[in-house]
Amino acid sequence: MIIQFNEVSYFYGAEQVLENVNFDIKEGERIGLIGRNGSGKTTVFRLLSGMLTPHAGQVHRRKGCRVGLLEQVPSVREDCTVYDVLSESFEQLKQWQAELRRWERHMSDPVIAADEGKMAELLHKYGQTMERFQQAGGYEMDARIDKVASGLGISPANYERLFQSLSGGEKTKVCLAAVLLQAPDVLLLDEPTNHLDSDALEWLEAYLVSYQGTVIVVSHDRYFLDCVVGKIIEIEDREAVIYYTNYSGYQKEKEERLLREFAQYEEQQKKIRKMQETIKQLKEWGNRSNPPNPSFHRRAASMEKALERMVKLKRPVLERKSIGLALDAAGRSGKRVLAIKEVGKKYADRTLWKPVDLQVQYGERIAILGENGSGKTTLLRMLTGQETSSSGEIHWGARVSIGFLAQEEHPPENAVTVLHYFREQAAMEEGKARAELARFLFYGTDVFKQVSQLSGGEWSRLRLALLMHQQPNVLLLDEPTNHLDIDSREALEEALLEYTGTVLAISHDRYFINRLFSKLWILEDAEWHVFAGNYNDYSSKKKAAARSIAESNSKAGTEKANLKPDRSNRKQRSASEPDSNLDASSYEDRIMELEARLEKLESELSAWLEAKCSVPLEQEGSFAEAVYKEKAQDYLNLKNQLERLYQKWVESGAD
């Protein structure tokens, strides 16, 4: 066991977030910490890391246990570069490296070099520090940074950029890389999948599955949880419930647990009612007796004490409130919704994508995939008229009304309340506006919160409420599931399944894509590709293609290896029959020369064959008579040279 929660309770002011929470974390476990927004997941993380102390109970950590925490909102000094953040976990190595450089400067000083005693002392210190630096992996430091950074899509070109100049998504990636490079015993990741594209997600999944320590993640990405974790801790009603499975298994087990607990609750309620009726009856019998019979009252009192001592079961909540999202289209668009003709996009010297033709028909659901920064959002902005294309034309069909949910839209900075903002945007009177906001979980005083102070999830719910009110027949959604908890994501999915209009959505939520979309637009290497199928279909095809290429390369390597003699036999033969034409010093040069000649001869042979094939039929006779003899002789010479060269190549044993 690494960490243990023992009867832990925590309060924010008068509000209790956790109540008598118990769970154990063992070495090497992969744990998903889930729950609704505001349920206390981040509080649990801060208790695990030691940033917070419980108001009741205890958090026990194994002595010497190192905990690394990725927070949703990272705090970094303003003057830090990206490389500074990435290399934070190597502070000791950087200090030793600086010491080595300082001593190297001292030893190069002629005055110190002339002093044998001082020089010997410096060399001794230098050797000790060098040994510590080398044993701690100092020479692999930059390679480790590059490996993790490249896996998450962080370019070395950005190493010298100020961290504060990065976008929110880029900051998350850099901080995630920094935490992974710490290699702590317990890795705490709070929403690590936000802002990661599909390639980075797959890399992170593989990294965490093979990670040597313990991993605990807060995530609303159900696909990610299925791939990585084998244990779920759900924070609900201030308590923690443990499931030893991934997310899909948790869903089934939770449903079974709730039904079982509800049956136990109903059974206990029957028993309680029966005991209450018996107590009432005993008291009545005791009072009716003449004279009154105290034995009936004693039995009633005994049953009352038993009833008080009984541990009352909580009534399980089978269905919790979620956002009441119902997306309706005010009217149907034409059959052809959108035509993109020869549309390309460039920024100065950078080509986002080459000209492309794309079509959208009524009722289609299309997911748009691609790396971060490849131009997916730019396409949606072009479709809404916020960006212009570099070439081509965009034509919308008849009776199209567009609803756009932008990813980077921020709440207004003024002091307007949620109720005022919604009424102003939806042109709705107060009573109806409050009823609509209640469907999106804005109850009571929540409607008087300032919009500028809303969390990411609350702001997303408010924008979805406005989108529902618009009733468009075409939805353009840019990362619609970002900041939504799992319940809200599932409510959005249900609403989109019932929606009769057309949907184009950018998303990295693979669970969301698999459930809703059967057609993909994929932006890769500045080109658009259309794929019929969901994410799993696309991923399977991509992996099959990669395996096919790997097998082809492996087969080619095997065939080449078969042309070479066995090295052990060659060595034995060379010992008894040394090659007088090759000495040890010129061996590598000779191999390079032979390979270069081989490549040149093959190129000449290819050129001759092309020349022969390009002769028109009507000139075939003249070619055969005038040219063929010369070319045929050249071919024979080339063939003989090739055979001799191959023989020398085999005899030399070149790689």
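If you're wondering where the values come from, they're calculated on a predicted model, not measured in any experiment.
The ring-ring contact (aromatic ring centres under 6.0 Å, His included) test applied to F404 returns no partner, not counting sequence neighbours. Under the ring-ring contact (aromatic ring centres under 6.0 Å, His included) criterion, F442 pairs with no residue at all, not counting sequence neighbours. Contacts of F448 classified as ring-ring contact (aromatic ring centres under 6.0 Å, His included), with partners at least two apart in sequence or in another chain: none. Evaluation of the ring-ring contact (aromatic ring centres under 6.0 Å, His included) rule for Y499 yields no partner, not counting sequence neighbours.
Y535 and Y223 have perpendicular rings, their planes meeting at more than 60° on a 0 to 90° scale where under 30° would count as parallel. Note on ring orientation: taking the six-membered ring where Trp is involved, the planes of Y538 and F531 are perpendicular (angle over 60°, cut-offs 30° and 60°).
Using a 4.5 Å cut-off on side-chain heavy atoms (C-beta onward), R30 and Y211 make contact. Looking only at side-chain heavy atoms (C-beta outward), I3 and R62 stay at 4.5 Å or farther from each other. Within the 4.5 Å cutoff, the side chain of L201 has heavy atoms near those of the D221 side chain. Looking only at side-chain heavy atoms (C-beta outward), L180 and L187 come within less than 4.5 Å of each other. Counting heavy atoms from C-beta outward, V217 and V229 have side chains that approach closer than 4.5 Å. The closest side-chain heavy-atom distance from L380 to L477 is not below 4.5 Å. At a threshold of 4.5 Å between non-hydrogen side-chain atoms, the residues F517 and F512 count as touching. L208 places a side-chain heavy atom less than 4.5 Å from the side chain of F224.
By the neighbour-count criterion of 12 heavy atoms within 6.0 Å, atom NE2 of H420 is sparsely surrounded, having that number or fewer from other residues, nucleotides or ligands.
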Note to self: Using side chain to side chain contact (heavy atoms under 4.5 Å, CB included), reason through I506 and L476 one step at a time and then give a plain yes or no.
What the structure shows: CA-CA 8 Å; I506 296 171; L476 304 180; over 6 Å; no
Next item on the list: Take D199 and K542 through the salt bridge (Lys or Arg N to Asp or Glu O under 4.0 Å) test and state the conclusion after the steps.
Entry: CA-CA 12 Å; D199 289 342; K542 192 175 179 182; 3.4 Å; yes
Margin query: Evaluate V447 against T417 for side chain to side chain contact (heavy atoms under 4.5 Å, CB included), listing each step before the verdict.
Written below: CA-CA 7 Å; V447 300; T417 65; over 6 Å; no
Checklist line | side chain to side chain contact (heavy atoms under 4.5 Å, CB included) evaluation trace for R222 with D509 | finding: CA-CA 8 Å; R222 294 152 292 177; D509 186 334; 3.6 Å; yes
Notebook entry, point to check: Checking side chain to side chain contact (heavy atoms under 4.5 Å, CB included) for the pair L405/L475: CA distance, chi angles, key distance, verdict?
Noted result: CA-CA 8 Å; L405 190 72; L475 292 175; over 6 Å; no
Note to self: Between E236 and K254, is the salt bridge (Lys or Arg N to Asp or Glu O under 4.0 Å) condition met? List the steps.
What the structure shows: CA-CA 12 Å; E236 189 174 57; K254 183 179 182 181; 3.2 Å; yes
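Between E304 and R309 there is no salt bridge, since no side-chain nitrogen of the basic residue lies less than 4.0 Å from a carboxylate oxygen of the acidic one.
With values rounded to the nearest 0.5 angstrom, L33 atom CG is found 7.5 Å from S39 atom OG.
Sorted by first then second residue, the ring-ring contact (aromatic ring centres under 6.0 Å, His included) pairs that include residues 225-263, not counting sequence neighbours, are Y243-Y250, Y247-Y250.
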Which donor-acceptor pairs under 3.5 Å do the side chains of residues 264-272 make with protein atoms, sequence neighbours left out?
unit_1	atom_1	unit_2	atom_2	d
Q268	OE1	L313	N	2.8
Q268	NE2	V311	O	2.8

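A donor-acceptor pair under 3.5 Å is formed between the side chain of R489 and the backbone N or O of L484.
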